[in-house]
Amino acid sequence: MLVDSSKMKRLRLAKNWTQQHLADVCGLSMRTIQRVEKDGVASNETVAAYAAVFEVEAIEFLISVEEYDQTNRQAQPGMIPSRFGSFIFVGGFVAGIAAGMAIAIFIF
């Protein structure tokens, strides 16, 4: 689900917590905290853990696709969240191999 990563980070910083401390309190890995703050994408369980720790409703963290697009364009123009970038790379790689094979078959 798409979340307001800047709000999540602000709440963490308001308590002067490191990412590791938040991870320990939430029962999550530090890598999960890093990904949420960087990409703005989190699982239901992660959002529930944040909500419990910060004593807010989980829905307060959720944002629409339009809000997500607007936030990420301002933060990283032209960038694709890292968890999606590898799919695009693999797709381009496979397309390149297919095109190369088609050319080789045509020539021979």
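- For Asp4, the side-chain contact (heavy atoms from CB on, under 4.5 Å) partners at least two apart in sequence or on another chain are Ser6, Lys7, Ile63.
- Think of Phe61 as one node in a network of Ile, Leu, Val, Met, Phe, Trp and Tyr side chains linked at under 4.5 Å; its network also takes in Met1, Val3, Met8, Leu11, Trp17, Leu22, Val25, Leu28, Ile33, Val36, Val47, Tyr50, Val53, Phe54, Val56, Ile59, Leu62.
- Within the 4.5 Å cutoff, the side chain of Arg12 has heavy atoms near those of the Glu37 side chain.
- Note that the CZ atom of Arg31 and the NZ atom of Lys38 stand 7.0 Å from one another [nearest 0.5 Å].
- To the nearest 0.5 angstrom, Ser43 atom OG is 4.5 Å from Glu45 atom CD.
- With rounding to the nearest 0.5 Å, the separation of OG in Ser5 from CZ in Arg10 is 9.0 Å.
- Residues forming a side-chain contact (heavy atoms from CB on, under 4.5 Å) with Gln20 (at least two apart in sequence, or on another chain): Thr18, Ala23, Asp24, Met30.
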